[in-house]
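The figures here come from the full heavy-atom set of this structure, side chains too, leaving out hydrogens, waters and symmetry mates. Chain A is the first sequence line, chain B the second, and so forth, proteins listed ahead of strands; every chain is numbered from 1. As the structure is a prediction and not an experimental result, all values here were calculated from the model.
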There are 2 protein chains.
Amino acid sequence: MGRRSTFSDDDVFAAVGRMLVRDGEVRMQSVVEETGVSVGSLYHRFGSREGLLARAWLDTLGAFHARFLAALDQPGEVPGLAAALETPRFCRAEPDKALILVCCRRSELMSDNTPEALQAELAAANDRVMVAIDAFCRHTGLPLEIARLGLIGFPLGAVKLYLPGEPVPEALDAEIERAYRAVVLPRLASS
Amino acid sequence: MGRRSTFSDDDVFAAVGRMLVRDGEVRMQSVVEETGVSVGSLYHRFGSREGLLARAWLDTLGAFHARFLAALDQPGEVPGLAAALETPRFCRAEPDKALILVCCRRSELMSDNTPEALQAELAAANDRVMVAIDAFCRHTGLPLEIARLGLIGFPLGAVKLYLPGEPVPEALDAEIERAYRAVVLPRLASS
DNA sequence: CCCATATTAGAACATTATTTCTAGAACAAA
DNA sequence: TTTGTTCTAGAAATAATGTTCTAATATGGG
């Protein structure tokens, strides 16, 4: 099988997030210093700087999307509320990935030079979410703009007050719920 | 008096915002291409890359703070609501600066290498806002966390759904107001 | 007009970053 | 043990970026 790795992808991705938030940029040299992994190993694993950054972004997005889409399907008293609350929960469950999800832009990690296969992966991931939200809107009768606001806009804005640095308090969830109800309930077709 | 400038600070700051959002980074070379201003002129005006970026950030922050603080003092039916709505209004009134305010982090524009005078300016600006929000909380009896959420967290999360690219719709303000009322009104000492 | 001043201009230089490359280490199977 | 494979390691080569510098351009006042 050959030699075993001495480092995990996640170690490197976490360092990427920390550096982006702290320095506003990611240098290969900084990754080497921050993780203790040698340059050669990084290039062996990720091919290029662009590849490394893109995979960090896709890793984060994938982890969040999995939870978000599962929650969106979940039935509940208030449709979609569970999905809205998935954002603060994700921040507590995966603080390293949350740094990337909440504090960074896609354009910091992916560009036109990103390997094509990874660009395609991103497009596919985005498509899945768009399809799911569209279905949610058709099912509930909610306008797309309202759904986006309650499901993503408000929750993201809320957790961003704490990241990076502080943990996202449990009490925040109740406030996100208030905001969600305030914008969503008036638009729900009363069943 | 000497020769007159052929470019304004704002031209350059706007380019900085566009590039950060588009490329995730700011190269001096890109600023030259994007603005048509020569490298020499940029260094003459701003001293260094760090200085240029910091001044772009301070310029944006100053413009927003001026409006926000004025709105926060303004009396109204619901205390603070005008300040909460200042975020979407700022995005419409100053779309270039909004790009920096809403889509970028401070760490992308200022670091430990930033000229000390500009670091001090930032600290002073942040202090002024913190003092004002503290006073607002004392005056209304609102917990700080709730005030931050309603005044900043939710409005910022909302406009971020549109920037960069789309203009922030007027209709969004009503939704921000709903969210603001939902989290703030229950906590207001009934007068 | 001529001087002092402020600004522009971009080539040359210095610095810093990314990438490649070669040698060697760890591991599994034959 | 030998062999094939995968991974580590970091110095060297390559590429790119930030900065300086000198000359030239524009403007207003004496």
Side-chain donor/acceptor of B/R3 to base of D/dT25, under 3.5 Å =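 By the distance-only test, yes, there is a pair.
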query = How is A/V31 classified with respect to the nucleic acid when contacts are heavy atoms under 4.0 Å: base, sugar-phosphate, or nothing?
reply =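 Here A/V31 touches no strand at all.
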query = Counting any heavy atom closer than 4.0 Å, what does A/F46 reach on the DNA or RNA strands: base, sugar-phosphate only, or nothing?
reply =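 Result for A/F46 = nothing.
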request  = Verify side chain to side chain donor-acceptor pair (under 3.5 Å) between B/Y162 and A/E145, making sure each step is shown before the conclusion.
outcome  = CA-CA 10 Å; B/Y162 298 91; A/E145 305 291 85; 2.8 Å; yes
query = What's the shortest heavy-atom distance between A/R67 and A/A93, and which atoms?
reply =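 Here A/R67 and A/A93 meet closest at NH1-CB, 3.4 Å.
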ask   = Where is the tightest heavy-atom contact between A/M110 and A/L122, given as atom of each residue plus distance?
value = SD-CD2, 3.7 Å
Could you tell me how far apart [X] ([atom1]) and [N] ([atom2]) are, to the nearest whole angstrom?
X     : N      : atom1 : atom2 : result
A/R27 : C/dT19 : CZ    : P     : 14 Å
B/L52 : D/dT17 : CG    : C1'   : 15 Å
A/M28 : C/dT16 : CE    : P     : 19 Å
A/E33 : D/dA9  : CD    : C1'   : 16 Å
A/Y43 : D/dA12 : OH    : C1'   : 14 Å
A/L42 : C/dT20 : CG    : P     : 13 Å
A/E25 : C/dT16 : CD    : P     : 13 Å
B/E50 : D/dT17 : CD    : C1'   : 13 Å

Using the side-chain heavy atoms of [X], tell me which of these nucleotides is nearest: [options].
X     : options               : answer
B/S41 : C/dA9, C/dT18, D/dT17 : C/dA9
B/V39 : C/dA26, C/dA6, D/dT20 : D/dT20
A/R4  : D/dA9, D/dT17, C/dC27 : C/dC27
A/R49 : D/dT20, D/dC7, C/dT18 : C/dT18

DNA chain D: 5'-proximal contact among A/R45 and A/G2 (nearest heavy atom) =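 Nearest-nucleotide comparison on DNA chain D picks A/G2.
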inquiry  = D/dT8, OP1 or OP2 - any side-chain N/O from A/H44 closer than 4.0 Å?
reply    = no
message = If the cut-off is 4.0 Å, is B/T6 near the phosphate of C/dT8, judged by side-chain N/O to OP1 or OP2?
response =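 Yes, because at least one side-chain N or O of B/T6 sits under 4.0 Å from OP1 or OP2 of C/dT8.
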query = Is A/R106 salt-bridged to A/E108, cutoff N-O under 4.0 Å?
reply = no
inquiry  = Grouping I, L, V, M, F, W and Y whenever their side-chain heavy atoms are under 4.5 Å apart, do A/F64 and A/L118 come out in a common cluster?
reply    =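 Yes: a chain of side-chain contacts under 4.5 Å links A/F64 to A/L118.
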